[in-house]
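Below is one structure, written out as structure tokens; comments come after it.
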There are 2 protein chains.
Amino acid sequence: MADSEGRTTRTTVRTITDLARLAGVSPGTVSRALAGKSLVNTQTREKIEALAREHGFRPNQMASGLRRQKTGVIGVVIPLGHDTRQQISDSFFMTLLGYLADELTTHGYDLMLRRVVPETDPDWLDRFIGSGMIDGVIVIGQSDQFERIEDVADGYRAMVVWGNHTEGQRHCVVGTDNRLGGRMAAERLIAAGATRLAFLGDTGPMEFAARFAGAQDVAARMGLSPILPLPTHLSPNRASAEIAQHLAVHGHAIDGIFAATDTLAALCLTELRAQGLAVPEDVKLVGFDDLPVARQTVPALTTVRQDIAAGARGLVDLLLRRLAGETTESFVLPPELVLRETA
Amino acid sequence: MADSEGRTTRTTVRTITDLARLAGVSPGTVSRALAGKSLVNTQTREKIEALAREHGFRPNQMASGLRRQKTGVIGVVIPLGHDTRQQISDSFFMTLLGYLADELTTHGYDLMLRRVVPETDPDWLDRFIGSGMIDGVIVIGQSDQFERIEDVADGYRAMVVWGNHTEGQRHCVVGTDNRLGGRMAAERLIAAGATRLAFLGDTGPMEFAARFAGAQDVAARMGLSPILPLPTHLSPNRASAEIAQHLAVHGHAIDGIFAATDTLAALCLTELRAQGLAVPEDVKLVGFDDLPVARQTVPALTTVRQDIAAGARGLVDLLLRRLAGETTESFVLPPELVLRETA
DNA sequence: ATTGCTGTTGCAATCGTTTGCAAGATGATT
DNA sequence: AATCATCTTGCAAACGATTGCAACAGCAAT
């Protein structure tokens with residue numbers, strides 16, 4: 001094709017109307033053809049498809065979304081605690097995010113990622129939902145926002161949350177049975193010979209609280225003294241110093257540590273060595289998550305496994321069902337103890 | 001407010017028109033008030049803002065985006081190689097993604113994440129850009145898609161790529177000087193006494209090829225025999241077996257390994273121990289990235305550091321500039337050798 | 001009383017796609 | 001030849017927010 005000055009010009013076709021003009025049909029027909037509806041003559045459809053391919057045309061998703069009142073996008077939001085840097089780079093969340101991306105893609109959805117700091121933005125969840133940009137939302141981690149999530153759940157169905165399940169809660173959640181996982185960890189530590197236990201990690205977030213409670217159950221049942229909580233930030237740079245401090249104070253008063261995550265466990269292992277405490281001889285150690293790092297530490301980490309891939313599948317599956325109008329129950333995954341060398 | 005049956009009904013206000021009716025003004029005025037334009041009377045604005053707050057109203061971003069021809073969303077796309085599972089869960093990419101999320105949020109943009117497999121979807125980049133859903137795109141990793149990215153760059157400005165810089169390329173890239181990093185790694189191995197070097201990792205992807213080439217430079221300059229490439233997948237489950245295999249065959253013929261990433265280096269360390277090779281006595285080892293794992297291995301990993309946070313800042317900064325119409329040069333970050341215990 | 005200015009507001013078109021409805025074409029049936 | 005059913009297609013009205021333009025009010029200056 002050549003314009004009046006003789007240059008070859010690929011007529012730019014941006015809209016469905018442009019394409020319709022080229023094909024000699026109406027925009028409506030083009031829309032139907034591209035959407036693969038059955039009401040279009042086969043020849044017409046093929047002609048339109050050919051033209052679309054030739055000009056690399058794709059219908060504008062904003063306009064389409066506006067008209068159809070759905071966007072094909074699922075929001076994934078990570079509420080961060082006080083410790084801003086904390087979780088977004090945390091292996092566990094990132095791994096889960098990776099699987100979610102896979103799973104959503106497979107089902108034809110795009111993923112919109114948002115990290116929020118509820119403390120400075122109390123309106124975080126409504127804002128995301130009300131933006132009109134997403135068909136549904138997956139919340140990764142309840143953090144300390146349980147109540148707000150509950151409130152929203154009453155009026156908004158297209159939401160699924162990764163986190164801990166509490167009896168009678170109103171929002172749909174997918175997550176590991178943290179309390180049971182905590183019991184497993186404590187049982188293992190005790191079976192390995194430990195009697196004075198500590199819990200490494202913040203007990204504020206619900207998941208961690210449940211893990212701690214589970215361990216506490218066992219300690220109480222076995223008649224041991226209560227488990228010593230050693231609160232610690234999750235960001236690696238702060239955690240190391242805090243762990244070192246904890247060990248300096250309590251290192252010789254304890255002989256079993258249940259770490260809230262493998263990341264903390266790995267750091268703890270380094271600090272234990274630095275302070276001359278042998279694992280598992282002097283101190284037994286159990287982690288949580290079974291991240292790749294658990295296999296690589298020396299000695300390799302005994303830990304409670306969460307099936308992250310299954311979790312991602314569950315989140316997406318439940319969300320899609322809810323989008324389709326079903327009512328869904330929460331989905332609790334069983335933890336699994338992985339025996340390695342630290343306990 | 002109460003309806004005829006006496007229930008209190010928060011009249012649902014979904015659109016700007018609803019709100020306008022409530023406020024007794026026209027939709028246009030509401031739009032202007034909420035957008036913070038100066039042409040609205042202060043009292044009117046306050047009244048509208050109060051109503052909006054009361055009813056939790058937010059303008060629909062789809063409609064807004066359509067009209068204004070911008071979405072406030074930046075696309076982030078990760079092209080995966082053959083090895084589908086490979087990178088999305090790779091620590092390096094995930095860490096970069098975390099920083100990107102931070103950085104984009106700070107600038108008021110949302111992040112739309114998409115993972116693609118170029119082999120099965122040759123059109124991946126045009127599709128994303130042409131969707132009309134994003135104002136710009138950040139490509140994480142060139143993978144083996146250099147040419148396609150170049151093609152797109154000619155016609156689309158709002159793109160920045162994480163990857164390797166090649167003389168004369170047309171797309172704007174941010175990344176570490178991989179070749180220099182490779183030289184640093186090889187120099188360190190040699191300084192530590194190694195003379196028969198190997199490169200652990202696939203040399204296909206551009207970044208890795210450059211690292212390998214840098215190491216090769218040094219080997220040639222020092223008159224050593226060529227570096228032995230030991231191609232390996234990145235996914236942890238496959239990598240371990242492949243590394244074991246490599247070491248079984250060549251383990252005693254080499255005394256220095258440059259691993260393409262810290263992840264591989266950490267796995268390699270495990271396999272070396274399993275095969276009874278002492279590090280650094282029998283074999284020296286240098287990694288790349290300086291991920292948290294590098295600090296936690298035993299012995300701790302000597303590695304070439306990439307400043308991921310700076311990279312994320314660079315990507316976002318350049319992209320925003322391009323959105324504003326500037327022409328930008330690529331941005332190459334200096335690598336830094338971090339001496340620990342493996343070399 | 002007229003003119004001109006400033007500050008606010010409303011009107012209506014627009015962004016690009018989808019879809020209910022009706023109209024036209026075609027062929028089959030009576 | 002008239003009637004009817006079946007396919008295709010076009011028309012035009014949405015979806016919800018934005019914005020150029022014009023109108024209007026209020027006020028000051030002439």
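Just so we're on the same page: letters track the sequence lines, and every chain starts at 1. Only heavy atoms go into these numbers, but all of them, side chains included; no hydrogens, no water, no symmetry mates.
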Quick one: [X] [atom1] to [N] [atom2], roughly how many Å, whole number?
X      : N      : atom1 : atom2 : answer
B/M62  : C/dT14 : CE    : P     : 23 Å
A/R21  : C/dG16 : CZ    : C1'   : 13 Å
B/Q69  : C/dT17 : CD    : C1'   : 13 Å
B/R45  : C/dG7  : CZ    : P     : 14 Å
A/R14  : C/dG16 : CZ    : C1'   : 9 Å
A/M133 : D/dG16 : CE    : C1'   : 14 Å
B/Q61  : D/dT18 : CD    : C1'   : 14 Å
A/I48  : C/dT17 : CD1   : P     : 13 Å

A/R322 and A/T328: side chain donor to acceptor below 3.5 Å
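Note: A/R322 and A/T328 side chains meet the donor-acceptor criterion.
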If you measure from CD on A/E207 to NE2 on A/H165, what distance do you get to the nearest 0.5 Å?
13.5 Å
Using the closest heavy atom to pick a nucleotide of DNA chain C for each, name whichever of B/V40 or A/L66 lands nearer the 5' end.
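The 5'-side residue here is B/V40.
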In a check of side-chain hydrogen bond (donor to acceptor under 3.5 Å, both in side chains) between B/E150 and each of B/Q145, B/Q169, B/H171, which one passes?
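The side-chain hydrogen bond (donor to acceptor under 3.5 Å, both in side chains) with B/E150 is passed solely by B/H171 among B/Q145, B/Q169, B/H171.
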Verify the contact: side-chain N or O of B/T17 to OP1 or OP2 of D/dA17, cut-off strictly under 4.0 Å; return yes or no.
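For D/dA17, OP1/OP2 do not have a side-chain N/O of B/T17 under 4.0 Å.
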Taking all non-hydrogen atoms of both residues into account, name the closest pair between A/F57 and A/T15 and its distance.
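Where A/F57 meets A/T15 most closely, the heavy atoms are CE1-C, 3.5 Å.
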With sequence neighbours left out, which residue pairs that include part of residues 61-81 of chain B fulfil the side chain to side chain donor-acceptor pair (under 3.5 Å) condition?
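Side chain to side chain donor-acceptor pair (under 3.5 Å) check on residues 61-81 of chain B returns B/S64-B/R68, B/T71-B/D135.
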Distance-only, no hydrogens or angles: does the A/T106 side chain make a donor-acceptor pair with backbone N or O of A/D102 under 3.5 Å?
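Between the backbone of A/D102 and the side chain of A/T106 there is a qualifying donor-acceptor contact (under 3.5 Å).
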Base-contact (B) and sugar-phosphate-only (S) positions in nucleotides 18-27 of chain C, heavy-atom cut-off under 4.0 Å, - elsewhere
BBB-------
